[in-house]
Protein chains: 2
Amino acid sequence: MKIEPNYCEVGSALDIIVGKWKPLILLTLIEKDEPVRFNQLHKSIPEISQKVLTKQLRELESENIIMRQVFPEVPPRVEYSMTSYGLTLFPILDAMHKWGEKHQQLKLKDEKPHNNIM
Amino acid sequence: MKIEPNYCEVGSALDIIVGKWKPLILLTLIEKDEPVRFNQLHKSIPEISQKVLTKQLRELESENIIMRQVFPEVPPRVEYSMTSYGLTLFPILDAMHKWGEKHQQLKLKDEKPHNNIM
DNA sequence: CTGTATCCATTGGGATACTG
DNA sequence: CAGTATCCCAATGGATACAG
């Protein structure tokens with residue numbers, strides 16, 4: 001284990017990923033593997049409000065994790081996609097995903113069968 | 001890439017790690033590799049207030065990521081250590097650390113040499 | 001030494017309505 | 001379609017003082 005807390009860089013990755021919907025946004029973009037329109041993104045994650053979706057996209061964009069392409073058409077079209085730099089985050093997302101899967105399964109296993117009356 | 005956004009578990013890992021000082025706390029405990037007293041922890045991370053340190057420790061403990069051992073002595077002694085479950089987070093922290101290192105170095109490279117007058 | 005208890009400022013995110 | 005603009009709330013974290 002060669003991690004030096006006093007020279008810790010974990011924060012920089014975390015800062016980028018953290019945001020209630022950012023992992024989901026990133027995973028969606030990674031999975032589709034092609035530019036995705038704003039509205040598609042919103043449909044993939046309906047629980048998020050437009051304001052927040054826009055904000056998190058802007059933040060990811062400003063970190064150069066995702067790309068925003070505007071097509072001067074009517075109606076307007078804006079497409080988002082991962083940058084190659086953004087894709088370097090994949091090992092992190094993947095590690096978290098794998099961990100989460102296991103963790104979540106354990107949680108489910110621990111749950112009592114729902115045979116309680118009432 | 002086998003990540004399904006609609007069945008996304010990334011959040012569960014993230015929820016545990018997120019907290020302004022949690023990564024640092026975890027890395028410290030992992031690095032020392034032995035029980036660490038509250039005060040030692042505080043000295044390792046002096047910028048954190050007692051209140052917040054306590055709170056983040058409590059949260060990690062309630063997720064079973066770290067262990068809290070109280071020794072009924074005077075003056076009181078309380079030692080914290082990683083649980084074996086907590087250690088399963090290591091691949092995630094490690095992935096983030098490696099990414100951060102690279103990322104940070106790039107940032108440093110991009111900086112201008114500080115030879116500007118004033 | 002290892003905490004609580006208060007009080008406070010900032011932020012993140014949600015609901016809703018409006019716009020080019 | 002792809003956003004802004006407001007208003008609002010809850011949660012996070014910081015400063016400080018106190019306690020067993």
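As the structure is a prediction and not an experimental result, all values here were calculated from the model. First the proteins, then the strands, lettered A, B, ... as listed; each starts at 1.
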Please check the phosphate of C/dT2 (OP1 and OP2 only) for any side-chain N or O of B/R58 closer than 4.0 Å.
no
Rounded to whole Å, how long is the line connecting atom CG of B/D15 with atom P of D/dT12?
10 Å
Grab the CG-P distance between A/L14 and C/dG12 for me, whole Å please.
14 Å
Considering only C/dG13, D/dC1, D/dT4, which nucleotide approaches the side chain of A/T54 most closely?
D/dT4
Specify the closest pair of heavy atoms between A/L41 and A/L57, including all atoms of both residues, with the distance to one decimal.
CD2-CD2, 3.9 Å
Would you please test A/D15 and A/S12 for side-chain contact (heavy atoms from CB on, under 4.5 Å) and show each step?
CA-CA 5 Å; A/D15 287 346; A/S12 35; 5.5 Å; no
Would you say A/R77 reaches D/dG3's phosphate, i.e. side-chain N/O to OP1/OP2 under 4.0 Å?
no
Grab the two heavy atoms, one from A/S81 and one from A/P35, that are nearest each other, plus how far apart they are.
CB-CA, 4.0 Å
Side chain to side chain, B/W99 and A/L89, heavy atoms closer than 4.5 Å:
yes
Nearest-Å distance, CZ (A/F71) to C1' (C/dG20)?
19 Å
Of all the nucleotides listed (D/dG14, D/dA2, C/dG13), which has the minimum atom distance to the side chain of A/V78?
D/dA2
What does the list of N/O pairs under 3.5 Å between the protein and nucleotides 9-11 of chain D look like, with a distance for each?
none

Find the distance A/H42:NE2 to C/dA15:P and express it as a whole number of Å.
10 Å
Restricting to non-hydrogen atoms, name the atom on A/K22 and the atom on A/I17 that form the minimum distance, rounded to 0.1 Å.
CB-O, 3.3 Å
Mind grabbing the angle between the end helix axes of the helix from C/dC1-D/dG20 to C/dG20-D/dC1? Five pairs an end, 10° rounding.
50°
Spacing of B/L53 atom CG relative to D/dA15 atom P, expressed in whole Å:
14 Å
Verify same cluster id: B/M82, B/V70 (apolar side-chain graph, 4.5 Å)
yes
Would you say a side-chain N or O of B/R68 is under 4.0 Å from OP1 or OP2 of C/dT2?
no
Just call it for A/Q56: base, sugar-phosphate, or nothing, with non-hydrogen atoms closer than 4.0 Å on any strand.
sugar-phosphate
Under 3.5 Å donor-acceptor, B/Q56 side chain and B/W21 backbone:
yes
Any N/O pairs under 3.5 Å between the protein and nucleotides 16-18 of chain C? List them or say none.
none

Can you name the closest pair of heavy atoms from A/L24 and A/T28 and give their distance?
O-OG1, 2.6 Å
Checking all strands, does A/Y80 fall into the base, sugar-phosphate, or nothing category for heavy-atom contacts under 4.0 angstrom?
sugar-phosphate
Nearest-angstrom distance from the residue atom CG of A/L57 to P of D/dG3
8 Å
Shared ILVMFWY cluster between B/M67 and B/L29, side chains joined below 4.5 angstrom?
no
For the pair made of CD in A/E61 and P in D/dA2, what is the distance, rounded to whole Å?
15 Å
Short side-chain N/O contact to C/dG3 OP1/OP2 from B/R37, under 4.0 Å:
no
Output the distance between atom CZ (B/R58) and atom NZ (B/K55), rounded to the nearest 0.5 Å.
12.5 Å
Going by an N to O cut-off under 4.0 Å, is there a salt bridge joining A/R68 and A/E79?
no
Here the distance between atom C1' of C/dT10 and atom NZ of B/K20, to the nearest Å, is 11 Å
So which atom in B/I65 and which in B/L26 form the shortest heavy-atom distance, rounded to 0.1 Å?
CG2-CD2, 3.8 Å
